[in-house]
Peer 1: 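Questions regarding the structure given below will be posed in turn.
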Amino acid sequence: MESYSYLHLGEPEDPEKYVVCKYRVTTDLPMEKAAEAIAAEQSTGTWTGISTLDHTIFDHLGARITSIEGDIVTAEFPAEDFSIEVGSVPQILSVISGNLFGLGALKGVRLEDVTFPKSILEQFKGPKFGAQGIREMLDRPEKPLVGTIVKPKIGLSPEKTAEYVYEAGAGGLTNSKDDETLVDQAFCPIEDRTVKVVEALDRLESEGHKMMHAINVSTRGDRIVELAEKVQGWGAREIMVDVITCGFGAVQALAEDPSIKVPIHVHRTMHGAFTKDPRHGVAMLPLTKLVRMVGGDALHIGTLGVGKMTGAKADDGNLQACLGDDVPYRAVMPVCSGGVHPGLVDEIVRRAGKNVQIQAGGGVAGHPGGVRAGAMGMSQAVDAAFLGIPPEEYARDHRELAIALETWGSR
Ligand code: CAP
Ligand code: MG
């Protein structure tokens with residue numbers, strides 16, 4: 001049986017014709033062998049030589065291993081390996097992050113990054129609103145957006161949810177959202193919740209404060225656009241989707257459907273199942289790139305190493321992947337969330353910059369003065385960071401921030 005080499009070490013990468021992936025590989029095999037196993041399994045090969053090769057096609061389709069540096073393997077997949085069906089993330093994912101994770105030859109393998117050629121990027125439309133569109137809707141051109149997640153996660157009635165949103169807005173927050181596990185439970189039906197939350201937002205607007213609340217429409221694939229249309233019809237001005245549990249296709253369906261005219265806040269619950277292990281799985285970066293491609297308008301990227309969740313560090317590329325101008329799409333609003341409280345805001349802004357949405361659930365609802373005071377504490381912390389004033393100094397004239405700092409400390 002003929003053997004075929006996927007090794008093209010030292011040959012230049014060609015990001016115009018190939019999808020370029022960086023894998024972190026842990027193996028007892030020589031690295032070349034492990035890299036070839038990945039290239040073969042994910043493109044034209046299998047575990048043994050085979051008799052069914054059609055060289056006129058086959059020779060163009062093999063993945064190329066162009067570099068091995070330490071434990072990082074660069075593999076290029078020819079653009080022809082990908083479906084001619086426009087914008088097919090499932091097929092892309094099964095090439096760049098499919099069977100390889102189960103290969104016995106590898107102790108661990110992690111997809112760290114992916115770069116797509118123009119021919120594939122052009123198949124996607126990106127966000128309809130993005131960071132800029134959300135800022136315009138809120139009349140907030142420069143300051144970081146400041147939000148909350150209604151807490152408790154589950155267990156509030158529609159009335160109580162709306163009351164929370166009103167109090168949060170009265171305390172100065174620009175954004176709020178349903179939590180990822182709340183969609184349409186009997187204790188808080190989505191129609192009633194949406195209608196009451198919209199009333200609260202309208203009341204805030206009539207009092208001179210603009211605020212958005214993302215209603216979670218995460219549901220089965222065949223119903224998600226219909227549910228989003230309903231929620232929009234009940235007055236919602238932003239929706240939320242859990243991208244991992246619903247799939248990239250769900251975000252894409254919502255973003256590309258002409259009837260959906262509101263921004264999409266993208267949550268990433270369950271990502272920790274494959275992003276957390278530094279030696280195995282998929283890093284957040286490729287997922288962030290895909291969310292931007294399929295049209296998410298705002299996306300959780302973690303708290304850059306300061307909050308309750310493990311994950312994003314300041315230099316993990318996710319901010320750049322949301323905001324950078326190296327792709328032909330609007331920027332995505334990066335959302336820093338997870339264990340945030342006013343004492344962390346200064347450091348988050350230092351790491352993330354000002355084009356960011358910072359949000360706190362416990363860090364608002366847990367304030368000793370209640371939700372409005374908690375919202376004021378967060379807003380004051382964001383104002384201080386925006387103005388470049390240390391939070392302790394700003395807290396001298398801002399009581400709610402002072403109480404938050406006493407309660408939770410600062411970094
Ligand atoms: C934050 C949050 C978010 C996490 C997700 C939560 O609440 O609502 O889901 O931020 O984090 O339930 O934990 P708190 P990540 O502000 O009360 O922590 O995107 O990093 O997975
Ligand atoms: Mg949550």
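Every number for a ligand or one of its atoms is a count from 1 in the order of the listing.
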Peer 1: Do Thr181 and Lys153 have side-chain N/O donor and acceptor atoms under 3.5 Å apart?
Peer 2: no

Peer 1: Answer yes or no: is there a donor N or O on one side and an acceptor on the other, between the side chain of Glu41 and the main chain of Thr46, under 3.5 Å?
Peer 2: no

Peer 1: Counting heavy atoms only, which of Cys336, Gly272, Gly339, Gly147 comes nearest to atom 18 (O) of ligand 1?
Peer 2: Gly339

Peer 1: Report, in ascending order of atom number, the atoms of ligand 1 lying under 4.0 Å from any heavy atom of Gly362.
Peer 2: 14 (P), 16 (O), 17 (O)

Peer 1: Find out whether the Lys NZ or Arg CZ of Arg110 is both under 6.0 angstrom from the six-membered ring centre of Tyr23 and within 45° of the ring's axis.
Peer 2: no

Peer 1: Below 3.5 Å, N or O to N or O, backbone or side chain included: is there any such pair between Ile149 and ligand 1?
Peer 2: no

Peer 1: Heavy-atom contacts with Glu180 under 4.0 Å: which atoms of ligand 1 show up? List them by number with element.
Peer 2: 9 (O), 12 (O)

Peer 1: Just to be sure I understand the site: which N, O or S atoms from the protein are less than 2.8 Å away from the Mg ion (ligand 2)?
Peer 2: Asp179 OD1, Glu180 OE1

Peer 1: Please state which part of Ala360 comes within less than 4.0 Å of ligand 1, counting heavy atoms only: side chain, backbone, both or neither.
Peer 2: backbone

Peer 1: With the threshold set at 4.0 Å, does a side-chain nitrogen-carboxylate oxygen contact exist between Asp242 and Arg268?
Peer 2: no

Peer 1: Find the distance between NE2 (His367) and CD1 (Ile403) and round it off to the nearest 0.5 Å.
Peer 2: 5.0 Å

Peer 1: Does an N or O from Gln359, backbone or side chain, lie closer than 3.5 Å to an N or O of ligand 1?
Peer 2: no

Peer 1: Within 45 degrees of the axis of the six-membered ring of Phe129 and under 6.0 Å from its centre: does Arg330 put its NZ or CZ there?
Peer 2: no

Peer 1: List ligand 1 atoms under 4.0 Å from Lys153, heavy atoms only on the residue side.
Peer 2: 12 (O)

Peer 1: So is His341 touching ligand 1 or not, going by heavy atoms under 4.0 Å?
Peer 2: no

Peer 1: Using every non-hydrogen atom in the two residues, find where Met333 and Arg135 come nearest and quote the distance to one decimal.
Peer 2: CE-NE, 4.0 Å

Peer 1: Ignoring hydrogens and geometry, is there a side-chain-to-backbone donor-acceptor pair from Glu205 to Ala200 under 3.5 Å?
Peer 2: no

Peer 1: With a cut-off of 4.0 Å, which atoms of ligand 1 are near a heavy atom of His300?
Peer 2: 19 (O)

Peer 1: Taking a cutoff of less than 4.0 Å between a non-hydrogen atom of the residue and any ligand atom, is Gly363 in contact with ligand 1?
Peer 2: no

Peer 1: Can you tell me if Asp297 uses its side chain to pair, donor with acceptor, with the backbone of Ile264 under 3.5 Å?
Peer 2: yes

Peer 1: Is the closest N or O pair between Gly302 and ligand 1 shorter than 3.5 Å?
Peer 2: no

Peer 1: Salt-bridged, Arg64 to Glu11, with N to O below 4.0 Å?
Peer 2: yes

Peer 1: Could you tell me which atoms of ligand 1, counted from 1 in the order shown, lie closer than 4.0 angstrom to a heavy atom of Gly361?
Peer 2: 14 (P), 16 (O), 17 (O)

Peer 1: Quick check against the 3.5 Å criterion: does Arg24 have a side-chain atom that pairs as donor or acceptor with the backbone of Val109?
Peer 2: no

Peer 1: Below a 4.0 angstrom heavy-atom separation, can you tell me which part of Asp179, side chain or backbone, both or neither, approaches ligand 1?
Peer 2: side chain

Peer 1: Compare every heavy atom of Ile149 with every heavy atom of Tyr164, then report the nearest pair and how far apart it is.
Peer 2: OH-O, 3.4 Å

